[in-house]
Amino acid sequence: EVQLVESGGGLVQAGGSLRLSCAASGFTFDDYAIGWFRQAPGKEREGVSCISSSDGSPYYADSVKGRFTVSSDNAKNTVFLQMNSLKPEDTAIYYCAAARRFPPGLCVLVVQLYDFWGQGTQVTVSS
C-alpha cells in the first residue's frame with residue numbers, strides 16, 4: 001500500500017521556522033520525484049518545491065525561493081521541507097506527493113502530474 005505521511009506542521013509567528021517531513025512507503029522511492037504543495041482556504045493547490053529522489057535536484061516556486069529548502073534522506077524514504085522566514089501568506093495545508101513520470105534529475109510542480117498524495121499538515125503563520 002502506497003503511503004505518504006506528512007508531519008511537522010504547526011503554529012508559528014512570522015519570521016519563524018518549521019520543518020516538515022514526508023515519510024514514504026509502498027513504492028520504490030528512488031524512482032520518484034517528491035513534491036510539496038500547499039492549499040490555502042479558498043485558493044487552488046499550488047506547488048512549493050520538489051526534489052528528484054534519484055539525484056536530489058531541487059526546484060522551488062519563486063514565492064519560497066531563498067526561504068525554503070527541500071532535502072531527501074533516501075535511506076529513510078523521507079523528504080524534508082525546511083521553511084524559514086515564514087510569512088502569514090505561507091499559511092496553508094501542506095501536502096507531499098510522489099510522481100514517477102519525470103526523467104531522473106527533473107521535477108515540475110504541476111498537481112496533475114503527481115500520482116500519490118499525503119493527507120496534509122496544517123501550517124499557520126501568525127502576524
Side-chain angles (χ1 to χ4, degrees):
E1 179 189 5
V2 173
Q3 277 196 317
L4 293 167
V5 180
E6 303 95 337
S7 61
L11 173 63
V12 64
Q13 288 188 332
S17 299
L18 284 173
R19 188 192 195 207
L20 305 184
S21 299
C22 172
S25 61
F27 60 94
T28 305
F29 188 74
D30 290 356
D31 290 344
Y32 284 73
I34 302 296
W36 285 99
F37 296 79
R38 66 187 182 187
Q39 188 165 18
K43 295 188 176 182
E44 291 188 353
R45 193 169 296 189
E46 64 173 359
V48 174
S49 179
C50 59
I51 186 168
S52 171
S53 297
S54 63
D55 67 356
S57 299
Y59 178 82
Y60 301 97
D62 288 343
S63 59
V64 305
K65 211 171 280 185
R67 299 189 298 123
F68 290 10
T69 302
V70 65
S71 61
S72 177
D73 184 342
N74 284 27
K76 297 182 178 180
N77 286 6
T78 301
V79 172
F80 305 98
L81 185 67
Q82 178 68 43
M83 306 187 296
N84 298 329
S85 302
L86 282 162
K87 306 174 181 180
E89 51 264 42
D90 294 319
T91 295
I93 299 174
Y94 283 69
Y95 301 88
C96 66
R100 185 170 184 177
R101 65 195 70 208
F102 305 130
L106 176 69
C107 62
V108 295
L109 293 172
V110 176
V111 170
Q112 292 80 2
L113 298 182
Y114 284 76
D115 305 301
F116 310 119
W117 290 82
Q119 293 299 308
T121 185
Q122 177 70 48
V123 171
T124 303
V125 184
S126 62
S127 57

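Index from 1, following the sequence.
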Within the 4.5 Å heavy-atom criterion, are Leu81 and Ser49 side-chain neighbours or not?
yes
Check whether Glu6 reaches the backbone of Gly120 with its side chain - one donor and one acceptor, N or O, closer than 3.5 Å.
yes
Nearest heavy-atom neighbours spanning Pro58 and Val70:
CB-CG1, 3.6 Å
Could you tell me which non-hydrogen atom of Ile51 sits nearest to which non-hydrogen atom of Val79, and how far apart they are?
CG2-CG1, 3.9 Å
Please name the pair of heavy atoms, one in Thr121 and one in Gly9, separated by the smallest distance, quoted to 0.1 Å.
OG1-N, 3.2 Å
Does Met83 form a side chain to side chain contact (heavy atoms under 4.5 Å, CB included) with Tyr94? I'd like the steps, not just the answer.
CA-CA 12 Å; Met83 306 187 296; Tyr94 283 69; 3.9 Å; yes
So the side-chain hydrogen bond (donor to acceptor under 3.5 Å, both in side chains) pairs with at least one residue in residues 14-32 (sequence neighbours excluded) are Ser17-Asn84, Asp30-Asn74
Contact check, side chains of Val123 and Leu20, non-hydrogen atoms, under 4.5 Å:
yes
Residues at least two apart in sequence or cross-chain that pass side-chain contact (heavy atoms from CB on, under 4.5 Å) with Ile93, listed by chain then number, are Tyr95, Gln122
Could you work out, with side chain to side chain donor-acceptor pair (under 3.5 Å) as the rule, every residue matching Ser57, not counting sequence neighbours?
Asp55
Set of residues satisfying side-chain contact (heavy atoms from CB on, under 4.5 Å) with respect to Ala40, sequence neighbours excluded:
Lys43, Ala92
Mind checking whether Phe102 and Tyr114 have parallel, tilted or perpendicular rings, split at 30° and 60°?
perpendicular
For Leu4 against Ala24, the heavy-atom pair lying closest together
CD2-CB, 3.5 Å
Residue pairs, two or more places apart or on separate chains, that pass disulfide bond (SG atoms under 2.5 Å apart) and touch residues 26-67:
Cys50-Cys107
Find out if a path of hydrophobic residues (ILVMFWY) with successive side-chain heavy-atom gaps under 4.5 Å connects Leu86 to Val48.
yes
Side chains of Arg38 and Asp90: closer than 4.5 Å at any heavy-atom pair?
yes
To the nearest 0.5 Å, atom NZ of Lys87 lies from atom OG of Ser127 at 14.0 Å
Under 4.5 Å between side-chain heavy atoms, counting indirect links through other Ile/Leu/Val/Met/Phe/Trp/Tyr residues: same cluster for Val2 and Trp36 or not?
yes
Establish, yes or no, whether a centroid distance under 6.0 Å links the rings of Phe37 and Trp117.
yes
Write down the atom of Thr78, the atom of Ala23, and the distance for their closest heavy-atom approach.
OG1-CA, 4.1 Å
Can you pull out every ring pair (Phe, Tyr, Trp, His ring centres under 6.0 Å) where at least one residue sits in residues 38-66? Sequence neighbours excluded, please.
none
Looking at Glu89, I'd like to know if its CD atom is crowded, meaning that more than 12 non-hydrogen atoms belonging to other residues, nucleotides or ligands lie closer than 6.0 Å.
yes
Using 0.5 Å steps for rounding, measure from the OG atom of Ser71 to the CD1 atom of Ile34.
12.5 Å
With distance as the sole test, does Ser52 use its side chain to make a donor-acceptor pair with the main-chain N or O of Gly105 at under 3.5 Å?
yes
